[in-house]
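Presented below is the structure to which this report refers.
The structure displayed is predicted, hence computed values, not measured ones. Reminder, nothing fancy here: chain letters follow the sequence lines and each chain counts from 1.
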2 protein chains.
Amino acid sequence: MTKNAELIYNIICNSTSHPTAEEIYLRLKSEHGRVVLATVYNNLNYLCEGGYIRKIVMENAPDRYDKTIRHDHLICRECGAIADFYMDDITDILEAKLGSHILSYDLKCSYICPECRKKLGM
Amino acid sequence: MTKNAELIYNIICNSTSHPTAEEIYLRLKSEHGRVVLATVYNNLNYLCEGGYIRKIVMENAPDRYDKTIRHDHLICRECGAIADFYMDDITDILEAKLGSHILSYDLKCSYICPECRKKLGM
DNA sequence: ATCTATGTTAGAATTATTCCAATTAAATTT
DNA sequence: AAATTTAATTGGAATAATTCTAACATAGAT
């Protein structure tokens, strides 16, 4: 793993914010000088392919990146914030239902986060 | 609902292929003459917002559109084909786990489809 | 028949991401 | 340690999907 790949990996793992490529790029630039967005994308792709991190594909927004420890996501319909949640692994249930082997699954729930709930007086 | 919105809605509902905006556009053009991609996108957005159809956000590929009858998706890692699968509604389970109301959920499973399995000799 | 509101068109603009060629850095051989 | 090979990074152009905007057309209301 190259130096930049490792820096990017650490940013993602030590963050709870599910950063975008752009955010990672800005942080890397401010902390370690000269980098370029293409390098960030190259390394993100490399890290994803190697299974070190995973990509969260967003609706109408740039993709976000996250550590791989198995967990799922809650996405606020109002502000787009992402929260993690941990749920029993449902691979077995899915495979039983399907009669077919599953490589992985991606579960996203749409909800309204506590902050937005407050703002909206709910 | 406007004429184009209805045509698009029907294409999606009478199809099992989860078409992209482009595919819908081409079909609409060949069957009803003059349309433009922006109109297709406008109407797809309108139909999504109204809950008439839903968008399947794809990784590294254009978005696809689908009817709303509740079901989930199996996406082949090799060829990208999408198959539907019907699973008991897990909203209750998720809400119990979360202690929070869920608006909707999106579950995608990655697998290898029967055709690719054959091709790969699996 | 005219006015108004809404939908559609055409094409430019934007955004996210990838590609490619040139450069730099790192690793390996001499 | 210098030279050679290999891999990573840069910068900028290219691409692809989608949205925006302004002009135009259509349909319904007056």
Side-chain angles (χ1 to χ4, degrees), chain A residues 1-12 15 17-50 52-66 73 75 77 79-82 106 108, chain B residues 1-12 17-50 52-66 73 75 79-82 106 108:
Chain A
M1 193 179 302
T2 70
K3 206 183 101 210
N4 275 334
E6 191 167 351
L7 289 171
I8 290 170
Y9 176 74
N10 287 333
I11 287 175
I12 291 167
S15 149
S17 74
H18 310 92
T20 61
E22 179 85 24
E23 286 162 1
I24 293 165
Y25 159 70
L26 290 173
R27 177 135 168 231
L28 211 54
K29 205 169 64 164
S30 80
E31 291 177 10
H32 301 89
R34 152 186 274 267
V35 222
V36 116
L37 201 45
T39 302
V40 174
Y41 276 109
N42 286 343
N43 283 305
L44 286 170
N45 287 339
Y46 161 78
L47 291 168
C48 279
E49 277 154 27
Y52 301 108
I53 60 167
R54 69 175 153 142
K55 171 150 76 163
I56 309 173
V57 177
M58 302 291 290
E59 204 168 314
N60 310 320
D63 294 343
R64 298 183 162 274
Y65 296 86
D66 198 6
H73 294 113
I75 303 180
R77 185 180 66 184
C79 70
I82 304 181
D106 170 22
K108 292 196 194 78
Chain B
M1 195 178 303
T2 70
K3 205 182 104 216
N4 276 333
E6 192 167 350
L7 290 169
I8 291 170
Y9 176 75
N10 287 333
I11 288 175
I12 291 166
S17 73
H18 310 91
T20 61
E22 180 84 25
E23 286 161 1
I24 293 166
Y25 160 72
L26 290 173
R27 176 134 170 232
L28 211 54
K29 204 169 65 162
S30 81
E31 290 177 11
H32 300 90
R34 153 185 274 268
V35 221
V36 117
L37 199 47
T39 302
V40 174
Y41 275 109
N42 286 343
N43 283 304
L44 287 171
N45 286 339
Y46 161 78
L47 291 168
C48 279
E49 277 155 26
Y52 300 109
I53 60 168
R54 72 176 151 139
K55 171 150 76 164
I56 310 174
V57 177
M58 303 290 291
E59 203 167 316
N60 310 321
D63 295 342
R64 298 183 162 274
Y65 295 87
D66 197 7
H73 294 113
I75 303 180
C79 69
I82 304 181
D106 170 22
K108 293 194 192 80

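Going from atom CG of Leu7(A) over to atom CD1 of Ile12(A) covers 11.0 Å, rounded to the nearest 0.5 Å. Separation of atoms CD1 (Ile82(B)) and NZ (Lys108(B)) is listed at 8.5 Å; rounding is to 0.5 Å. Here the CD1 atom belonging to Ile75(A) is positioned 7.0 Å from the CD1 atom belonging to Ile56(A), to the nearest 0.5 angstrom.
Going from atom NZ of Lys3(B) over to atom C1' of dG7(C) covers 11 Å, rounded to whole Å. dA16(C) atom P lies 14 Å from atom CD1 of Ile24(A), rounded to whole Å. Atom CG of Asn60(B) is separated from atom P of dT15(C) by 21 Å (rounded to the nearest Å). We find that CG of Leu44(B) is positioned 15 Å from P of dG7(C), with the value rounded to whole Å. One interatomic measurement links the two molecules: NZ of Lys55(A) to C1' of dA16(C), which rounds to 10 Å at whole-angstrom precision. Between the CD atom of Glu59(A) and the P atom of dT15(C) there is a distance of 19 Å, rounded to whole Å. Protein atom CG of Asn45(B) is 14 Å distant from nucleotide atom P of dG7(C), rounded to whole Å.
Running 5' to 3' along DNA chain D, contacts with non-hydrogen atoms of chain B at under 4.0 Å begin and end at dA17(D) to dC20(D).
Near DNA chain C, meaning a heavy atom under 4.0 Å away, the residues from residues 25-40 of chain B are Arg34(B), Val35(B), Val36(B), Ala38(B), Thr39(B).
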May I have the list of side-chain donor-acceptor pairs in residues 57-65 of chain B shorter than 3.5 Å, sequence neighbours left out?
from, atom 1, to, atom 2, distance (Å)
Asn60(B), OD1, Lys55(A), NZ, 3.3
Arg64(B), NH1, His18(B), O, 2.6

Show which side-chain atoms of residues 35-44 of chain B pair as donor or acceptor with protein atoms under 3.5 Å away, not counting sequence neighbours.
from, atom 1, to, atom 2, distance (Å)
Asn42(B), ND2, Ala38(B), O, 3.4
Asn43(B), ND2, Thr39(B), O, 2.9

For residues 21-32 of chain B, which side-chain N or O atoms pair as donor and acceptor with protein atoms under 3.5 Å away, sequence neighbours left out?
from, atom 1, to, atom 2, distance (Å)
Glu23(B), OE1, Thr20(B), N, 3.0
Tyr25(B), OH, Lys29(B), NZ, 3.3
Arg27(B), NE, Glu31(B), OE2, 2.9
Ser30(B), OG, Arg27(B), O, 3.1

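With sequence neighbours excluded, no residue forms a salt bridge (Lys or Arg N to Asp or Glu O under 4.0 Å) with Asp66(B).
Two residues are said to be in side-chain contact when any heavy atoms from C-beta on lie closer than 4.5 Å; Leu47(B) and Met1(B) meet this criterion.
The two residues Tyr52(B) and Tyr46(B) make their nearest non-hydrogen contact at CE1-OH, 4.1 Å.
OP1 or OP2 of dT8(C) has at least one side-chain nitrogen or oxygen of Asn43(B) nearer than 4.0 Å.
Comparing Ala61(B) and Asn42(B), the nucleotide of DNA chain D nearest to each residue sits closer to the 5' end for Ala61(B).
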